[in-house]
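Proteins get letters first, then strands, A, B, ... in listed order; numbering begins at 1 in each. These numbers come from the heavy atoms of this one structure, side chains and all, not from hydrogens, waters or symmetry mates.
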Amino acid sequence: MSKANDLIIRIGGEGGEGIISSGDMIAQAAARSGLEVLTFKTFPAEIRGGYAMYQIRFSHEVILSEGSGFDVLCCFNQEALNNNKSQIAKGSVLIYDFPGGDIAEEQNIEGVHCYPVPMSKIAKEELNTYRSKNMVAMGAISELFSIATKSLRELIQDKFGKKGKEVVEVNFKALDAGSKYAREHLKKTDPFQMDEGKPQKDVMIISGNEAIGLGALLAGVQYFSAYPITPATEVAIFLSKHLPKVNGNLVQAEDEIASLANVIGASYGGVKSMTATSGPGLSLMQELIGMSSMMEVPVVIADVQRGGPSTGLPTKHEQSDLFLAALGSHGDASKVVLSPEGVEDCIYLTVEAFNIAEKYQVPVMVLSDGSLGFRTNSIKKPDPSKIKVVNREKYEPGTNGDKPYERYELTESGISTMSVPGQKGGNYISTGLEHAPSSAPRYSPENRVSMMDKRWGKLDNLEDFVQATEVDDMEGAQLGVIAWGSTIGTAREAVKLARAEGVKVAAIYPKLVWPLPLKALNAFAKKYPKILVPEINKQGQLASILRMKTDMKPISYNIYGGLPFTPKMIVEKIKEVC
Amino acid sequence: MSKANDLIIRIGGEGGEGIISSGDMIAQAAARSGLEVLTFKTFPAEIRGGYAMYQIRFSHEVILSEGSGFDVLCCFNQEALNNNKSQIAKGSVLIYDFPGGDIAEEQNIEGVHCYPVPMSKIAKEELNTYRSKNMVAMGAISELFSIATKSLRELIQDKFGKKGKEVVEVNFKALDAGSKYAREHLKKTDPFQMDEGKPQKDVMIISGNEAIGLGALLAGVQYFSAYPITPATEVAIFLSKHLPKVNGNLVQAEDEIASLANVIGASYGGVKSMTATSGPGLSLMQELIGMSSMMEVPVVIADVQRGGPSTGLPTKHEQSDLFLAALGSHGDASKVVLSPEGVEDCIYLTVEAFNIAEKYQVPVMVLSDGSLGFRTNSIKKPDPSKIKVVNREKYEPGTNGDKPYERYELTESGISTMSVPGQKGGNYISTGLEHAPSSAPRYSPENRVSMMDKRWGKLDNLEDFVQATEVDDMEGAQLGVIAWGSTIGTAREAVKLARAEGVKVAAIYPKLVWPLPLKALNAFAKKYPKILVPEINKQGQLASILRMKTDMKPISYNIYGGLPFTPKMIVEKIKEVC
Amino acid sequence: MTTATEPMKAKDYKSTVPPTWCMGCGDYGVLNAVLKSFADNSISIDDTVLVSGIGCSSRFPYFVKTYGMHTAHGRVLPVAAGLKMARPDIRVIAFGGDGDGFSIGGGHVPHVVRKNTDLTYILMDNSIYGLTKGQVSPTSEVGMVTTTTPYGAPDNPVNPLAYCLTYGATYVAQGYSSKSKQVQELVTGAIEHKGFAFVNIISPCPTFNKLNTFDSYKETLEEVPADHDTSDLNAALKIALRAKEGKTPIGLLYKENRPTLVDRLTDIRKKAGGDENYDLNKIINTYIP
Amino acid sequence: MTTATEPMKAKDYKSTVPPTWCMGCGDYGVLNAVLKSFADNSISIDDTVLVSGIGCSSRFPYFVKTYGMHTAHGRVLPVAAGLKMARPDIRVIAFGGDGDGFSIGGGHVPHVVRKNTDLTYILMDNSIYGLTKGQVSPTSEVGMVTTTTPYGAPDNPVNPLAYCLTYGATYVAQGYSSKSKQVQELVTGAIEHKGFAFVNIISPCPTFNKLNTFDSYKETLEEVPADHDTSDLNAALKIALRAKEGKTPIGLLYKENRPTLVDRLTDIRKKAGGDENYDLNKIINTYIP
Ligand SMILES: Cc1ncc(C[n+]2csc(CCOP(=O)(O)OP(=O)(O)O)c2C)c(N)n1
Ligand SMILES: Cc1ncc(C[n+]2csc(CCOP(=O)(O)OP(=O)(O)O)c2C)c(N)n1
Ligand code: SF4
Ligand code: SF4
Ligand SMILES: [Mg+2]
Ligand SMILES: [Mg+2]
């Protein structure tokens, strides 16, 4: 494979034209042949129409981000061409539906390898079904870049087998027609090739949302309740299939408030419980997040962020729920927020979320985002037997001697044992009202202060328990980058690129974003006087929280157009502020 | 009146014993006689039982806060005595129910003027009705401190007249029995007296919650929808009586989400609209607050804060919803938060809230709190004809020539004209989805960025419009105090007391708390290198926002026991950090 | 409310935003029937507001030239109600889907209905979550396989008609997207009705609901009997409960006149001596000590 | 669920927290009847959880020795349902007031009911907001003067019995706080019932509701007719609608057996081959490219 073992193919067209399914197949085929794969999708908020995009990045090495731009662009229609035209770099490839499709003119872009393929025409005239257009395109692509046709055929068989032989046949034909067209009519002038990798046995390909579901299973989730919402629904879809297998229950509740209420009830019952949502749902859950904090009931909430506020940009990318997650709910409610950088992280940080929720009896949020949720990635299979699982400290009947059990006992660690219904002598009332150690209502100032201090104090050393902060030091650097969530991957790639250009830059990647890992951050800030925080929101939410809790004066780099950063953008910024 | 024209009487007992009504009458009587009055109440979260307290402060001068402690304590039962015993200062007065009541022992506290009054006994034995105990106590108090008995009799007549002559008579008798007992059995040894003031014509006595309702009326509110919640319900109670008089409508909605939804619908219709709630309700409103920000629909939300999180301390004092109000809702939602310092402010800042909401087409929150909501205060009557009222910039049919009307037109100020249904040519869709200037959905990065910048940019110079920041400079001072909400009054008194002791201290009182008035705050911070921020919450919420938005490194003084600061506490702290 | 000054045809009510529904979506039928009803009634675009929640069906207002609000998921009714209370002179029509109305929004329905809020509520019922791509909805049948119920939906469905009748709706009807003429009539009746009018329109989603299709409805549709007395609540309830037998009754089930919310609020203002020029000093003076 | 190992009397179920209700509050009667029912049934305090929302009535769990949850206003049912789904072996009883259940919580009722969630729900209906000191409630009569309706309540009240019947509740009863014996029986029946059991208990609030009092109910109470067929939904609905005539029916209105939510979830787990020791590698391996 050319270009430093790194190839990016982008397919654009109208939502509903089969872009997603052909993209998925190419990604699968590549992963099957042993390549690393990372995909990136955007689609419109409308159910039909509007521009949809699927991008696949292949490499022999671990892929950190969506990358900057693309090497190959395949356009199904004029809109896709318009949206991407300004980004087509010299030396790259343009494949487009011509003649006979939506694109009216032949394209001749200087320095760009332009390959017209009459996808619509072939589909309609030769195959008599417009819907096979995507397969025609895939055929041409596979021919041009040597994508294992055998894998593609297997995948078509897997996907359409259930629908009957005829459907499979039509798709095979379309694939072949596309290949044939490319073979016979196109003269390959570009250098790109997809090599075979070394097929690996311990690899899986899974999306960020599915990975959250898998993490939950690994952590021992037994109850899940959620309300559908883009871009979080796939967490529920994954678990609705798999949770009953491990004897757990999943329900779709009437709304997000009911979902979290369900989860709180279930967790009070001693069962590990979770919900998943996006911004609007997180807003609705605010009252009950505070309640679970007050009741000290462990709950895990995955928030797959999208463009806000309100309905906003429901299918677009943003990291803008940090304020709400960390500082939301009325009153001073203690809670924990984690944010995964990539698909693999979605697994392990979800496990971590359960572990923290259980150990500290606190609500824990996992802030993912739309790009990451839909991203598929080839990752190392987790080994269930090697996952460290923490369970809440249970009340042991009989251990309290003559004293009645105190659910909210004031202990040194701030953590009290938790009884579950059915245990003899463990009776208490879980309550959102301020309470005495016994759980009975109590409003005296002294009790109030000690209970507040208990609920906050128990998290004092959380940083030591989690170890979800990675430091990438660099001797002699003045500038340190702090990134969070899925921007971490992009920042990693940017730091690598910048260093390759000789720029000295360090970085720290906190995955615990509330309460902040202050020891690590302050140590980092001591070493690197200049701090750059790239994040995808208007207010600079992480930068603000850093200012709030440390003495840093970070330089904010905020974008909020609905798309992730590219590594190049961050490299430029690093050079600018360095 | 002795003691620097300043007398504080505190009455404590069990909820339901008539403490509130007797306290109210004493306050009214004092205001009637021309004194300044400020009251302070605490009561339990239970409907019956638990400790309730009513405190009245009188003065010839403007009263800034509840004060530090009390001069006269009147205890209806043992619990009241226990709760206050440690605070009884030398030279003060203790009146208590003895013998024959709940208090078992005669009280002899060194240096304290102790007057036993057998309130329960007289009520039961002489008047045959236990419920008149509070009137007996009031009779004794009026006798001891020369409170105009004439006023009290008038007030009893006003209050009980409707219930019939007999009820009035019983209360008169109880009052007389109390006075008689004091006259005949007590030897006054203390120096406290309530002088008559100069009766003033332009004074009213009103609570903080009622004042918010009055402010809304003055601003021209025409629609109000809310759901009951302590301690905000009185805003609705006030308006349910008065709003229909000005031809407005009030409804009690099924919950807080419906309340705000109602208000948004009404305001879209061109009518000034409002809701009022407390923390749990504000949590539930998060999604729709973001929606009104996105739709650019003016709405006013009064949040009368209480102890959180969750149900928390529903009848206790706290200022802990600032984070949620300023930084809440998912995504980056622009909004405005004001916080009144006292009862008079509740009127004028509510007017200001409507003016800002209308001018900037933005949701505006007014953060009051439980102490302030229940506080009654003698204030200058507002003059309706002198209130400056701002109305939204309406679309003028025909002014756009041939161009279709653009609801979200990109203008220099960021403010667009707003049409209302019924206007010809003003048709548009108000939407929470990202939109083009026309209001049609649009997700392109360019449009997205310009719309975000519009919604935030329009508030850039808000500070100049509001002028709700007061600076109290002090030459040579090193320390500046920043207080917000009802802590401002306490801080004012503390600064006065500290200066009287020769301490050099300045202060700034921002009533616009989001977005912060940065010009004023930064100018202040330049003059006073040390900053002290006393506030009633665990996290130091204003201090945190100051750190976020300025270079200040404030010293936080946080209490969260459910009670306000006393001026003395802040004086001590000022001296400590000065 | 005024009527349009110049005669308008159905297509004149179309806005410049093209519908984004899938080909074959039942919502097109609803849109066409509603626009025809608007034309029939010469409805003025200036004093009509279409309010919706979130969902495929809730995109409705964008496609019409009137005023509109596209609100939040489940909040269409309280937003519409607030607008109507503030502006009784304006015609307010609410739109949404089965999930919007009876799942997340289900808590508002009883209240908006029992108050007899002067609204028309048009629900496009496809027994699926369309916009989020195929999850179980509150009107989905037991056993239905969807993305979140791979082993079949566990819950008995809600019955929007029976619920609204029980809540005290004063106009209750059901239509079917392809029976355009009837939908048009039912909508016209609803718009003319004083009080809360509920029109549930069966509007298939060919993209995600493969169980309840244009074909399957052919088997289950049944007209409300011609001799049905629309003032008989019990009879109406019985028709609504035909759903339990797998039937889909269409037609007008119930109609009644009783005071509306606007009437009741008007009474309150009268009682209070409501006057726009009321002197606030009168209120202020009651707080003189 | 197990039963208490040693015989317990009603008073043995009392916790050490004394009730905070006003003297004369109807909720005392409910508490006593419920405790007696517990004693009758030898209910074990260790595997019983009382869940409540917020309100005077929602303080109930504190006064009983069992496990309990005092949650948020309106959220009693979904919290209770979550607990029951996770722990079918535990007896879950939900408590709350009319506002908690049918105003802010009203959106949860249809769903918890139609799923036939295995819960008992005991609602103390006083037609007023007690804890917040006297505002109009969803069961308040039209015209009722309260602190927020000084000119009289504008809205027709909800009918909890009729709503629950329409939603498909499988046990529906109404009691009256002072008729302790009957309440005790109805509660016992509810606890024994498999599925969603709703017991609405008229529980006057002498402190804030001066309209619906122990005296006024004497005039309106009427026993469910002795010959009423509790399997007849229509007959039950008719009795529920007696409220429109100003009557307060008491007794058991309806009882039916159908699969519960726990049954249905159990079926799903069976279908999926549910196994606590399921090897997660089997799931992981389906994601191998
Ligand atoms: C608070 C919130 N939760 C979830 C969603 C995601 N969501 C959008 S539409 C929808 C349901 C759509 O179903 P329906 O109301 O039946 O409308 P349809 O698309 O079928 O017409 C959901 C769950 C949301 N927008 N907001
Ligand atoms: C979200 C929220 N809104 C409002 C309140 C205030 N509140 C507490 S109890 C209550 C209503 C009480 O009425 P009901 O449910 O009938 O119970 P009752 O006190 O009459 O027994 C309200 C509105 C609250 N606690 N939380
Ligand atoms: S998904 Fe279904 S409801 Fe939505 S537009 Fe397509 S067909 Fe219609
Ligand atoms: S206020 Fe009413 S409901 Fe509440 S305890 Fe008192 S009497 Fe009972
Ligand atoms: Mg639907
Ligand atoms: Mg009640």
Flag the one option from A/Val420, A/Asn249, A/Ile257, A/Val271 with the top tally of heavy-atom pairs under 4.5 Å to chain D.
A/Asn249
NZ (A/Lys381) and CG (D/Leu280) are apart, to the nearest 0.5 Å, by 12.0 Å
Proximity breakdown for D/Asn285 and chain A, heavy-atom pairs closer than 4.5 Å
side chain
Given that the side chain runs from C-beta out, which part of D/Lys65 has a heavy atom under 4.5 Å from chain A: side chain, backbone, both or neither?
backbone
Taking every heavy-atom pair that is under 4.5 Å apart, which of A/Gln28, A/Glu254, A/Arg32 has the most such pairs with chain D?
A/Glu254
Is there a donor-acceptor pair closer than 3.5 Å between any side-chain N or O of D/Arg87 and the backbone N or O of A/Gly269?
yes
D/Tyr62 side chain vs A/Ser439 backbone, donor-acceptor pair below 3.5 Å
no
For A/Phe238, is it the side chain, the backbone, both or neither that has a heavy atom under 4.5 Å from a heavy atom of chain D?
side chain
Of A/Ala27, A/Ser225, A/Pro441, the largest count of non-hydrogen pairs under 4.5 angstrom with chain D goes to A/Pro441
Donor-acceptor pair, side chain of D/Tyr278 and main chain of A/Asn247, under 3.5 angstrom
no
Based on non-hydrogen pairs under 4.5 Å, which of A/Ala29, A/Ala440, A/Gly426 is most in contact with chain D?
A/Gly426
Measure D/Ala72 against the heavy atoms of chain A and call it side chain, backbone, both or neither at under 4.5 Å.
both
If we define contacts as heavy-atom pairs under 4.5 Å, which of A/Ser385, A/Gly432, A/Ala258 has the most with chain D?
A/Ala258
With a 4.5 Å limit on heavy-atom distance, are the side chains of A/Lys241 and D/Ile283 in contact?
no
Testing the basics here: between A/Pro382 and D/Ile284, what is the closest heavy-atom pair and its distance to 0.1 Å?
O-CD1, 3.7 Å
Does any part of the side chain of A/Val251, heavy atoms only, come nearer than 4.5 Å to the side chain of D/Leu265, both counted from C-beta?
yes
Out of D/Pro289, D/Ala80, D/Ala86, D/Ser15, which one racks up the most heavy-atom pairs below 4.5 Å with chain A?
D/Pro289
Heavy-atom pairs under 4.5 Å with chain D: which of A/His242, A/Met291, A/Lys201 has the most?
A/His242
Contact class of A/Met294 relative to chain D, heavy atoms under 4.5 angstrom
neither
Can you tell me which portion of A/Leu217 sits under 4.5 Å from chain D's heavy atoms? Options are side chain, backbone, both or neither.
both
Any A/Tyr268 side-chain heavy atom under 4.5 Å of D/Val51 side chain:
no
Less than 4.5 Å to any heavy atom of chain D: does that hold for the side chain of A/Asp202, its backbone, both, or neither?
neither
Most heavy-atom pairs under 4.5 angstrom with chain A, which of D/Arg59, D/Lys115, D/Lys271?
D/Arg59
Nearest heavy-atom contact between A/Gln423 and D/Tyr67 is O-OH, 2.7 Å
A/Pro404 side chain near D/Thr16 side chain, heavy-atom distance below 4.5 Å:
no
Check for a donor-acceptor pair, side chain of D/Tyr287 on one end and backbone N or O of A/Ser207 on the other, with a separation under 3.5 Å.
no
What part of A/Leu155 gets within 4.5 angstrom of chain D, counting heavy atoms only: side chain, backbone, both, or neither?
neither
pair A/Pro421-D/Asp47: side-chain heavy atoms closer than 4.5 Å
no
Taking all atoms of both residues into account, what is the closest heavy-atom pair of A/Asn262 and D/Pro78, and its distance?
ND2-O, 2.7 Å
So what's closer than 4.5 Å to chain D heavy atoms on A/Tyr428: side chain, backbone, both or neither?
both
For the candidates D/Asp46, D/Thr66, D/Thr266, which exhibits the highest count of non-hydrogen atom pairs separated by less than 4.5 Å from chain A?
D/Asp46
